[in-house]
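Structure first, commentary second.
On a predicted model such as this, the values are computed, not experimentally measured, just so you know. Atoms considered below: every heavy atom in the structure, side chains included; atoms not considered: hydrogens, waters and symmetry mates. Ligands are counted one by one from 1 in listed order, and the atoms in each one are counted from 1 as well.
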Amino acid sequence: MRIDLHTHSTASDGTTSPVDLVRAAAATGLDVVALTDHDTTAGWAGAAEALPPGLTLVPGAELSCVWPAPDGRVIGMHLLAYLFDPAEPVLRAERARVRDGRIVRARRMVELMQADGYPVRWDDVLREAAGGPVGRPHVARALVRHRLVADVASAFTPEWIGRGGRYRVVKPDTEVVDAIRMVRAAGGVPVVAHPLAAARGAVVPAEAYAAMAAAGLAGLEADHLDHDADARRRTREIAADHGLLVTGSSDFHGANKAVALGAATTDPAVYEELLDQATGSAPVAA
Ligand code: AMP
Ligand code: FE
Ligand code: FE
Ligand code: ZN
């Protein structure tokens, strides 16, 4: 069994449509793929309808969260949520609130660039987002189109919209403990994505996971492109300390990121435990 529990489609900041994503997942030999677009479930139906025989779809999302540190810093986090009820009103409203915040924030990024004389327009970014949640990769693609940077990765620098970036603007994300409770209340299973991905910015300290575990956190994603061997080992230690499951996944984003479907996978026994905890929606098989 090959199980990839973290992928993005054109419903957020990937470049592969939900239909093509499930076809590619089957073609690459995956047995299970989770669709986890940022702050949206918009890709679920298309992926489910196109599901090839033999592939199971785990509907999910990657929720934009923050952990407020005791010293006043606010650390960004991503929370994978699997098999929640997409109609549950509290979590649904929170996804919409975060998506609205993404628009305000990306508009501000464009304004800051325009104030510095760059020809980027809000319309350029909106077109890249194609109706989905607007993310930094869409801003990056607009920069590529204007030949201001060579490729998407080159926009994630301090000169542009990367860590400490001149045009990086924060968005109003959900406090992670609240998000964990909301996911559980919607029948879903919450797993922290790439908890020690230090290249993205500050990471949450190990001691913060006690409160998250108490709120209902199910697991931590250890095997991920942004984790080196030491980060993977430390993630497993934190998970063991708090009785959390450990997952692995690609975080596939199509052409926006140099990683293949199935580049990392989750143990079948862990997958079964995640399924056992889910009550909000069911995995889909053709
Ligand atoms: P946002 O959620 O709008 O803040 O954008 C975060 C997204 O940017 C992530 O989900 C990735 O898809 C993408 N991203 C982050 N860092 C990089 C990077 N160094 N190169 C390419 N894409 C990145
Ligand atoms: Fe992304
Ligand atoms: Fe993420
Ligand atoms: Zn992701």
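- Given atom 10 (O) of ligand 1, the protein heavy atom at minimum distance is His38 NE2, 2.9 Å.
- Under the 30°/60° scheme for interplanar angles, the aromatic rings of Phe84 and Trp44 are found to be tilted.
- If you check which protein heavy atom lies closest to atom 6 (C) of ligand 1, you get Arg136 NH2, 3.6 Å.
- Closest protein heavy atom to atom 16 (N) of ligand 1: Phe156 CD2, 3.4 Å.
- Residue-ligand proximity, Lys171 to ligand 1, at heavy-atom distances under 4.0 Å covers atoms 2 (O), 4 (O).
- The shortest contact between atom 7 (C) of ligand 1 and any protein heavy atom is with Asp13 OD2, 3.6 Å.
- Here's the thing with Lys257: none of its N/O atoms is less than 3.5 angstrom from an N/O atom of ligand 1.
- Neither Val98 nor Met182 shares a network with the other; the hydrophobic side chains, linked directly or stepwise wherever heavy atoms of I, L, V, M, F, W or Y lie under 4.5 Å apart, form separate groups for each.
- The angle subtended at the Zn ion (ligand 4) by NE2 of His6 and NE2 of His8 is 100°, given to the nearest 10°.
- For Arg105, a nitrogen or oxygen atom sits less than 3.5 Å from a nitrogen or oxygen atom of ligand 1, counting backbone and side chain alike.
- A continuous path of hydrophobic side-chain contacts links Val192 to Trp67 [ILVMFWY only; heavy atoms under 4.5 Å].
- The proximity of His8 to ligand 1, defined as any non-hydrogen pair under 4.0 Å, does not occur for either the backbone or the side chain.
- Of all protein heavy atoms, the one closest to atom 11 (C) of ligand 1 is His253 NE2, 3.8 Å.
- For the pair ND1 of His78 and NE2 of His194, the angle whose vertex sits at the Fe ion (ligand 3) is 110° to 10 degrees.
- Looking only at distances, a side-chain donor or acceptor of Arg232 sits under 3.5 Å from a matching main-chain atom of His224.
- Across Val177, Leu220, Leu244, a single residue satisfies side-chain contact (heavy atoms from CB on, under 4.5 Å) together with Met212, and that is Val177.
- Ion pairing between Arg166 and Asp116 holds under the 4.0 Å rule for side-chain N and carboxylate O.
- Here the CD atom belonging to Glu62 is positioned 9.0 Å from the OG atom belonging to Ser249, to the nearest 0.5 angstrom.
- Other residues, nucleotides and ligands contribute more than 12 heavy atoms inside 6.0 Å of the CZ atom of Arg200.
- Shown in contact with Pro137 at under 4.0 Å from a heavy atom are these atoms of ligand 1, numbered in order with element: 5 (O), 7 (C), 8 (O), 12 (O), 13 (C).
- In this structure, Asp37 contributes its side chain and Ser9 its backbone to a donor-acceptor pair below 3.5 Å.
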Using side chain to side chain contact (heavy atoms under 4.5 Å, CB included), reason through Leu35 and Leu57 one step at a time and then give a plain yes or no. CA-CA 7 Å; Leu35 181 64; Leu57 171 71; 4.0 Å; yes

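- Below 30°, between 30° and 60°, or above 60°: for Tyr118 and Tyr167 the angle between ring planes is above 60°, a perpendicular geometry.
- Looking at Asp251 and the Zn ion (ligand 4) together, the shortest N, O or S contact belongs to OD1.
- Per residue Glu62, closest N, O or S atom to the Zn ion (ligand 4): atom name OE1.
- Distances from the Fe ion (ligand 3) show that Glu62 has an N/O/S atom below 2.8 Å.
- Here's the thing with Arg102: one of its N/O atoms is less than 3.5 angstrom from an N/O atom of ligand 1.
- Numbered from 1 in the order shown, with element, the atoms of ligand 1 that lie under 4.0 Å from a heavy atom of Gly135 read 3 (O).
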